[in-house]
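To keep things clear, I will list the structure first and then write my remarks on it.
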Amino acid sequence: MQAKKWEKTDIRYLKGVGPKKAEILQKLDINTVEDLLYYLPRRYEDRSNFTLVKDLKVGEHHAVRGKVLTLGNHATRKGIRVFQIAVGDKTGIIYCVWFNQPFLRKLFKVGQELILYGKVEKYKKLQINHPEYEFVTENNSLNMGRIVPVYSLTQDITQRYIRFLTHEAIARFLSSAKGALPTRIMARAHLVDFCFAIQNIHFPASFANLDRAYRRLVFEEFFILQLALALKKKSAKTKTPGIRHNLDAHLMEAFKKLFSFELTNSQLKAINEIQIDMANPKPMNRLLEGDVGSGKTAIAIYALLLSFKNGYQAALMAPTEILARQHYMTISELLMPLGVNVRLLVSGLKPEKKLEIKKEIDSGEVDIVIGTHALIWENVEFKKLGLIVIDEQHKFGVSQRQLLQKKGWNPDVLLMTATPIPRTLALTVYGDLDISVIKELPGGRCPITTYCIEEENRQKVYQFIKEEIEAGHQAYIVYPRIWSSKNTRASESKLKAATTMYNKLQEEIFPDLKVGLIHGRMDAKEKEAVMKKLKSNKINILVSTTVIEVGIDIPNASVMVIENAERFGLSQLHQMRGRIGRGDYPSYCILMGNPRTESAKRRFFTMSETQDGFKVAAEDLELRGPGEFFGTRQHGGLPELRFGNILKDFDIMEQARAEAFRLVEEDQDLVDPRNSFVKEVLKRRFSGKFDLINVG
Ligand code: ADP
Ligand code: MG
């Protein structure tokens with residue numbers, strides 16, 4: 001029979017797939033033969049060699065082949081239901097145990113021959129708890145006597161079924177399948193043929209073949225991603241006309257005079273990189289990475305000023321209203337005296353006020369507008385937008401960034417983030433951007449000491465806060481929720497709520513001090529009043545939710561208490577801790593809570609061990625995995641990856657990246673016929689999904 005194109009063939013075309021099965025497969029996102037062949041095993045079992053019962057080693061995984069000798073359900077004294085079978089081969093007996101799955105009884109029969117796989121343990125007898133099992137039938141060469149693939153499946157689909165199906169698909173369609181990599185790149189990277197890779201990723205003839213197959217598929221996936229990034233970067237650099245800002249040495253002098261401190265070398269270096277970009281007629285697309293407190297705002301101010309000097313308008317967008325207001329206060333104070341018209345646009349403003357500001361932006365009267373998402377949603381029109389700065393950019397999506405960008409005519413873009421990731425990784429995730437990294441914190445900062453404290457020492461914590469406040473400082477106490485809830489799950493209702501605790505702290509614990517409250521649901525006026533009081537030290541203790549996580553800058557604060565700290569992720573804890581340690585006296589971060597899980601313990605440990613944001617981010621990345629850590633591409637993070645793991649497979653990523661960028665250097669529009677297939681694959685992969693690439 002003539003081979004059909006695999007990528008377009010509906011899965012129902014395969015033997016054994018009726019409407020019911022097709023529906024179940026769809027739940028696994030398997031619609032076509034291609035989807036099926038790209039549905040990779042979760043792991044493999046070496047069933048090429050069965051271990052005799054007499055040779056089993058306790059603590060190790062083994063595959064055993066034998067017959068069911070006895071079987072039955074019973075209950076333990078605590079009422080746990082146990083299903084147990086005894087399986088024997090020529091050399092001995094091993095017991096298999098399942099808890100709370102009495103229905104299994106129906107599946108097994110005495111005398112049945114089966115294969116077991118799992119970790120061998122020893123109580124009185126040899127035992128495997130919840131083993132993988134497979135009944136031996138005739139014609140079962142896919143399921144035993146070889147390295148066998150194990151897939152993640154939903155109910156109603158068995159391993160045997162999916163193996164059979166995959167095998168069918170390979171036999172009938174693989175010859176029509178084609179990899180995307182040009183042959184010269186395959187040769188340079190020592191990669192195996194695509195069909196060999198697909199065959200061996202499912203049914204590897206050996207573990208060495210499996211490695212080669214995996215490497216090939218991951219390389220191709222990374223290559224396509226990097227190619228998309230390389231093309232995007234190249235076309236932005238060579239095709240899109242942008243704004244040429246003129247530099248001015250006096251401006252730099254005037255800028256430095258704005259601050260009472262000296263800029264750090266890292267800050268100066270970043271500023272220089274930014275101004276070179278802005279002077280270039282191509283649009284700037286730069287990410288500024290720096291730990292919390294490294295002084296990114298000052299750098300942004302230089303860019304804003306440069307745009308103003310060149311007669312353009314600039315916009316700075318922040319993820320929360322509190323942060324936008326704070327930036328507004330700082331920036332208007334510094335720049336208004338220089339004749340710069342700075343305005344704030346947030347949704348909390350009165351409608352008339354908003355209208356007025358929007359008019360001024362439209363007419364070009366406003367030089368710099370600072371705001372939140374309101375800048376995107378409120379129908380703002382600029383007269384001459386030349387620069388966009390996005391603070392805490394990881395809180396925004398790519399599409400939101402683009403919406404703001406479209407309000408100008410290829411404006412320069414500066415993104416800032418305090419979730420620093422290793423540079424090599426940043427090149428991968430943000431491969432289309434240029435990157436500046438701030439390596440040092442401003443000098444004269446005292447270190448922050450972090451303590452993990454248990455409930456029984458709560459009074460000591462309160463006492464400690466009092467002492468710090470008597471010494472003139474301020475404190476934050478952060479709670480996981482705004483309001484306490486009575487009718488949710490028990491684990492939730494134990495969480496402390498900011499509003500309840502605010503009353504308790506003010507009335508019972510710190511009656512002589514001034515306690516303030518801030519959270520996301522308060523109206524704009526209230527928030528503003530609280531922030532003003534905090535700035536002028538009229539509030540000693542600020543009770544809050546995580547709204548203060550980003551950006552808030554009160555150098556006089558020296559204590560950060562985080563309640564139920566086990567609820568927060570590592571990056572979030574680090575961001576909150578970044579609210580203190582901004583002055584030249586010691587600061588203290590106190591994590592209250594009870595880390596029960598392994599991951600929570602590691603988070604507490606990391607926080608108490610290091611203050612280095614790069615280390616924290618690396619650990620967070622490892623704990624949560626790249627998908628969680630970066631989010632998906634739509635949210636400004638990572639494109640979904642089918643095979644590769646950017647942490648584990650980093651060397652492959654680097655090699656693929658080098659090849660992809662080389663290819664774009666050689667053939668920017670992919671017109672060389674040798675590149676036509678990779679171009680097709682690229683278009684298919686990214687068509688309409690993300691505004692990631694633009695290939696003709
Ligand atoms: P982040 O990078 O977290 O946004 P900020 O821009 O809010 O940090 O700066 C943190 C604090 O450090 C601010 O109070 C700012 O005025 C101060 N700061 C910035 N640069 C310096 C410097 N070079 N020397 C001393 N203090 C600085
Ligand atoms: Mg900041």
Side-chain angles (χ1 to χ4, degrees), residues 252 255-274 286-305 316-335 370-372 388-396 414-421 435-448 473-474 476 531 534-537 546-558 560 571-585 587 589 611-614 616-617:
M252 181 57 102
F255 167 72
K256 285 182 178 166
K257 283 198 196 110
L258 292 174
F259 305 99
S260 57
F261 47 75
E262 291 276 309
L263 294 164
T264 63
N265 285 332
S266 270
Q267 282 172 315
L268 289 171
K269 184 159 171 273
I271 285 174
N272 198 41
E273 287 165 350
I274 289 166
R286 186 168 285 275
L287 174 71
L288 176 60
E289 272 197 349
D291 205 349
V292 264
S294 58
K296 293 184 290 294
T297 315
I299 297 171
I301 292 174
Y302 179 77
L304 296 171
L305 203 53
L316 187 158
M317 183 161 72
T320 64
E321 191 170 322
I322 298 176
L323 182 53
R325 281 179 185 280
Q326 177 185 283
H327 279 323
Y328 173 69
M329 281 199 260
T330 316
I331 293 172
S332 56
E333 215 174 284
L334 290 173
L335 300 189
I370 294 168
T372 52
I388 289 169
V389 180
I390 300 186
D391 196 15
E392 310 289 349
Q393 76 94 26
H394 56 284
K395 298 268 173 186
F396 292 96
L414 177 63
L415 308 168
M416 307 202 289
T417 181
T419 305
I421 55 172
I435 299 179
S436 295
V437 179
I438 312 180
K439 295 212 178 73
E440 60 195 330
L441 293 179
R445 297 257 170 97
C446 269
I448 305 172
H473 296 305
Q474 289 161 283
Y476 297 97
M531 288 311 293
L534 190 69
K535 260 232 140 96
S536 55
N537 201 1
T546 54
V547 282
I548 60 147
E549 172 188 341
V550 287
I552 299 305
D553 183 40
I554 307 288
N556 188 47
S558 67
M560 164 62 69
S571 295
Q572 218 180 355
L573 290 171
H574 181 66
Q575 286 274 320
M576 291 194 263
R577 176 169 62 181
R579 300 306 117 224
I580 55 171
R582 295 176 165 244
D584 50 7
Y585 33 80
S587 292
C589 175
Q611 211 186 313
D612 178 339
F614 284 83
V616 171

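When a ligand or atom number is given, it counts from 1 through the structure's own listing order. Quick note: numbers below take in every heavy atom, side chains included, and nothing from hydrogens, waters or symmetry partners.
Between Ala418 and ligand 1 there is no heavy-atom distance shorter than 4.0 Å. At least one heavy atom of Ser294 sits closer than 4.0 Å to an atom of ligand 1.
Interatomic distance, CZ of Arg582 versus CG of Asp553, reported as 4.5 Å (0.5 Å rounding). With rounding to the nearest 0.5 Å, the separation of OG1 in Thr264 from CD1 in Ile271 is 8.5 Å. Expressed to the nearest 0.5 Å, how far CD of Gln611 lies from CD1 of Ile448 amounts to 4.0 Å.
When each atom of ligand 1 is checked for a heavy atom of Glu262 under 4.0 Å away, the hits are 22 (C), 23 (N), 24 (N). Every atom of ligand 1 is numbered from 1 in the order shown, and the set under 4.0 Å from a heavy atom of Thr264 is 23 (N). Heavy-atom contacts of Thr297 reach the following atoms of ligand 1: 4 (O), 5 (P), 6 (O), 7 (O) (cutoff under 4.0 Å). Listed by atom number, the atoms of ligand 1 under 4.0 Å from Asp553 heavy atoms are 10 (C), 11 (C), 13 (C), 14 (O). Ligand 1 places these atoms under 4.0 Å from at least one heavy atom of Leu263: 23 (N). Taking every heavy atom of Val292 and a limit of under 4.0 angstrom, the matching atoms of ligand 1 come to 3 (O).
A salt bridge is absent between Lys296 and Asp391: the closest approach of a Lys/Arg side-chain nitrogen to an acidic carboxylate oxygen does not fall below 4.0 angstrom.
Between Gly295 and ligand 1, an N or O atom pair is found at a separation short of 3.5 Å. In terms of N/O distances under 3.5 Å, ligand 1 is not approached by Ala298.
Remark: the backbone N or O of Ala557 is not paired with any side-chain donor or acceptor of His473 at under 3.5 angstrom.
Across Glu289, Arg286, Gln267, a single residue satisfies side-chain hydrogen bond (donor to acceptor under 3.5 Å, both in side chains) together with Ser436, and that is Arg286.
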Walk me through it: do Ser587 and Met560 pass the test side-chain contact (heavy atoms from CB on, under 4.5 Å)?
-> CA-CA 8 Å; Ser587 292; Met560 164 62 69; over 6 Å; no
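When Ser266, Ala300, Pro442 are ranked by how near their heavy atoms come to atom 24 (N) of ligand 1, first place goes to Pro442.
In this pair, Phe255 and Phe259 present their aromatic rings perpendicular. The plane angle is above 60°, beyond the 30 to 60° band.
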